Structure formats: C-alpha cells, structure tokens
Amino acid sequence: MNAPDRYERFVVPEGVSKVSYERDTKIINAATFTIEREDHTIGNILRMQLHSDENVLFAGYKLPHPLQYKILIRIQTTSQSSPMQAYNQAINDLDKELDHLKSEFEAELARHAVRQQREF
Amino acid sequence: MEGVSYQRFPKIKIRTVRDDFMKFELRETDASIANALRRVMIAEVPTIAIDLVEIEVNSSVLNDEFIAHRLGLVPLISERAMAMRFSRDCDACDGDGQCEYCSVEFHLRAKCINDQTLDVTSKDLYSSDHTVVPVDFSDSSSGFDNSDTRGIIIVKLRRGQELVLRAIARKGIGKDHAKWSPAATVTFMYEPEIYINEEMMETLTLKEKQDFVESSPTKVFGINPNTGQVYVHDAEAYTYDDEVIKKAEAMGKPGLVEIHAKEDSFIFTVETTGGIKASQLFINAIEILKQKLDAVRLSSDTVEADEQFGELGAHMRGG
C-alpha cells in the first residue's frame, strides 16, 4: 500500500544531486561523499580501490537503510592527498581497469574461437 | 596534482562458451570487482520484456492479471536493449509505448475451435519488430529436443474459449522487476589451492588413504591405482566444506592437506535466459559498470563549492 515505487531505487529525483560532498568539521583531510541511488555494487568497489591508495588512511562505505536508496563513503587521507583527490583517482583507476577487462575479454573470446576451431 | 595510479590489469581465460552459457577464469583483481560484475549481470544489464498488456477478449480459465504476469516473464531477444531508451526518459513519446525508440508492440489472437485443447504459446505472439521476438528453445541442441516443442505455454484454451490482446514490451532492468533480468544464474567461486604433504601422506596405509579420499563429499582427491599415491583429482570440486581437513585431524595427521582460497582468482559461471548471449552479457555488464562509475564522478559545481569553502576556511585560519 505505502511501499515506495520500484523505480525509486535507481531514478535520482529531480533537484537532487547524484553525488554530494561534505567535509568533516573536526578532522582535516576527511570527508563524506553521499551518493544517491547507488548500493554495494559501487560502494564496495570504490572502498576496495581506495584501500590500495597509500595516502588513504581510512575508507569505508555504508548503506544506512535498505529503504534509503543512497550510500555514504567516508574517506580520510594524509596531508599528501585529499579525500576528493583520492575519490577521483579511485574512479579513474577503476574505469581504466574495466576498459582493460573489456579488451582483455574480447581478445580472449577471439582466441577461444580459434582454439575451438582447431579442435575440429 | 595528479596522483599515482593504482590500476590493476586483470586477466581472463575462457573455458566454455555457448550461446546461453559461459565459464571463465578471472584473475589478478579482487572480490569487489568480481562481485560488482556479478551483481550488475543479474540486476542492471537491460533487457526487453512485456510490461503493458491490453486485453480485448479473454474467456480462458486464467484471469487477465494472471495472463499479463505470464506474458511479462517470457524472455525476449534483447540484443537491441543496450541501444534502446528507457520509456521514462524517452522524449519521442510520453511513455505509452507508441514509439520505436523505447517500445515494441506485440499482438496475440487465439481461439479454440475444436475439441482438442489449444496451447497458446510464446510463438503466437506477433512482434512489430523482427529483432525482438520470444526466445526460441525448440532448435537448441541442448536440453529438450522434443520436436513438437512450440515455445512457452501461456494458457490452454478449450472449445469456444478465446484470447485477444495487445502487449507492449519495454526496456528495463532486473532491479525494477526480475522479468528484466538477463541472467538465469551468475556465480563465482574462489579458485582453491590444494597442497598435499606427500611425506606425511606416505605414512598412511592404503586403507587410511582410501578413507581420507572418501571423506570428501565431492570427488576432490583420487588414488593412483599403480603407485597408491593420493593426487588432486579435481580441485574445483572442493566446496570449502572442511571435511577432509577434519578427517586428517581425526586421523591424528593435522596438516596432511592444506587448502586455501586464492584471493585474486575467480571462476565464473554465467547462464542467461537466452535473451542475450552469455558473452554479450559480460561485455554489457562491464559497460554498465563503467557508466555507473561515470555517473558518480564529482560534478564541477561540487568541486567549486568546496574550493570556495576552502578559501573561506583559509581566510578564517589566516585571520
């Protein structure tokens, strides 16, 4: 009866920004990114990618509530970097990794077809 | 202020590919990427499915809603889905399915005129677009090779019963409704690494070896009939059940075998509904994940707002 519409899970409402950024008021080089209409898929890959960054002291994500369709990513870095820089770097690295994965897969698919042909 | 790159370069090895099935190895990445790809394949790669049904005549035993639901679950060939628009953000129409960019129309007309029960199947659905048609299972060599397979049964009609309807298929994702999920199953497992302590193994009698090999519920180990040596028959049959480890301990031989999961190596199994090819599903999943990442990039106004705030902060700090 009062269940939210199914599309609420992935359609960002008008007037709401997809990503918002809030600096921590007490800790320097710490910030929280609020990402609307995303879940563990994005949250976990970003967190793990941030963990490989040496300048990141803390990176974590949470899905505050299953019916609040947003995630919070919290990042604290050393003074050598900034949360925003680390965040952008993580996205760029993941993007390049996926580019690589796609070309790798397509090449392997072609190689596999050749292997398959030889067997006959 | 460009940082150092921490990019990885994953490797892929394909084992089997068929139209609706694929098995491959993914290496040199972590579980978060493997799981993100799995999640995207199941819930976010778009397909086309019937979403709106207008029933003109229905004198069958099933009610209108029941038939509409069954129609929705029929898998449709969705090669076009990636290039199609979602009707909610289609400018060419108001989303009522009158436009070719976001919808495909289907017609169904069936009437039983004799004493034999008439099966209304997915083959009775007439599509307005020849690239978007119900998946055809009848000519596939795998599975049922029944010659009189006529598609997916929607309803059965007896003499005098009739069904006439118009249906509109739309692009959607599994997150919205499972009928749009292109995946039948997508799973991945960590590749197991099995190490047998040969020295300790040789202290066992043949009977003990047999007991050890048989303690595994799946056939992971075998015994060479000539040498009596225990060997790894199929490492991937191991289900991480710890039974052989417990057996070794019970025999007073802890450390007889060591099994650990390789944290950066995954074996994927992808099976689709037939709507898109398994290999295409994986490619689409990568593409969708890339689009999602692109959408979460910081917009320039957030950056500007922070820079102003930063300057203000600096002023305040500087006094």
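Because the structure is predicted, anything quoted here is derived from the model rather than measured. Values reported hereafter were calculated over all heavy atoms of this structure, with side chains retained and with hydrogens, waters and symmetry mates removed. Letters A, B, ... mirror the listed sequences (proteins, then strands); counts begin at 1.
Counting non-hydrogen atoms of neighbouring residues, nucleotides and ligands closer than 6.0 angstrom, the NZ atom of B:K13 exceeds 12 such neighbours. Within 6.0 Å of the CD1 atom in A:I28, the count of heavy atoms belonging to other residues, nucleotides or ligands does not exceed 12. For B:K277, the NZ atom sits in a loose shell: 12 or fewer heavy atoms of surrounding residues, nucleotides or ligands are nearer than 6.0 Å.
Heavy atoms of A:I35 lying under 4.5 Å from chain B belong exclusively to its side chain. Looking at B:R38, there are no atoms closer than 4.5 Å to chain A (heavy atoms on both sides), in backbone or side chain. In this structure, no portion of A:Q80 lies under 4.5 Å from any heavy atom of chain B. At a 4.5 Å heavy-atom cutoff, B:F86 makes no contact with chain A through either its backbone or its side chain. Contact of A:E8 with chain B is not made at all, since no heavy-atom distance falls under 4.5 Å. Heavy atoms of A:R115 lying under 4.5 Å from chain B belong exclusively to its side chain. In this structure, chain B has heavy atoms under 4.5 Å from both the backbone and the side chain of A:F105. Neither the backbone nor the side chain of A:V12 comes within contact range of chain B; no heavy atoms are under 4.5 Å apart. Neither the backbone nor the side chain of A:S81 comes within contact range of chain B; no heavy atoms are under 4.5 Å apart. If you measure heavy-atom distances from A:Q116 to chain B, you find no contacts under 4.5 Å at all.
Here the CG-CD1 distance, from B:L293 to A:I42, works out to 4.5 Å after rounding to the nearest 0.5 Å.
Looking at heavy atoms from C-beta onward, A:D53 lies out of side-chain contact with B:V4 at the 4.5 angstrom threshold. Between A:L101 and B:F9, every side-chain heavy-atom pair lies at or beyond the 4.5 Å cut-off.
B:S32 and A:N44 share no side-chain donor-acceptor pair at under 3.5 Å.
The nearest pair of heavy atoms linking A:E54 to B:Y6 is N-OH, 3.3 Å. In terms of heavy atoms, A:Q89 sits closest to B:S5 at NE2-CA, 3.6 Å. Between B:P10 and A:E97 the shortest heavy-atom distance is CG-OE2, 3.5 Å. Between B:I14 and A:E108, the shortest heavy-atom distance links the atoms N-OE2, 2.9 Å.
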Open item on the list: Could you go through A:K18 and B:D294, starting from their C-alpha distance and side-chain angles, then the distance that decides it, and tell me whether this counts as salt bridge (Lys or Arg N to Asp or Glu O under 4.0 Å)?
Closed with: CA-CA 11 Å; A:K18 182 83 180 170; B:D294 227 35; over 6 Å; no

TODO: Please assess A:E38 against B:K292 for the test salt bridge (Lys or Arg N to Asp or Glu O under 4.0 Å), listing each intermediate value before the final yes or no.
DONE: CA-CA 9 Å; A:E38 289 297 346; B:K292 281 170 77 74; 2.8 Å; yes

- [ ] Quick one: do B:D176 and A:R9 satisfy salt bridge (Lys or Arg N to Asp or Glu O under 4.0 Å)? Show the steps, please.
- [x] CA-CA 8 Å; B:D176 192 344; A:R9 286 177 68 184; over 6 Å; no

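Using a 4.5 Å cut-off between non-hydrogen atoms, no part of residues 65-82 of chain B approaches chain A.
A donor-acceptor pair under 3.5 Å links the side-chain atoms of B:Q7 to the main chain of A:K96, judged by distance alone.
Chain A forms more heavy-atom pairs under 4.5 Å with one residue of B:L26, B:N35, B:V17 than with any other, namely B:V17.
Classification of A:K102 and B:E287 as a salt-bridged pair holds, one side-chain N sitting under 4.0 Å from a carboxylate O. Ion pairing between a basic and an acidic side chain is recognised when a charged N comes within 4.0 Å of a carboxylate O; B:R8 and A:D93 show no such pairing.
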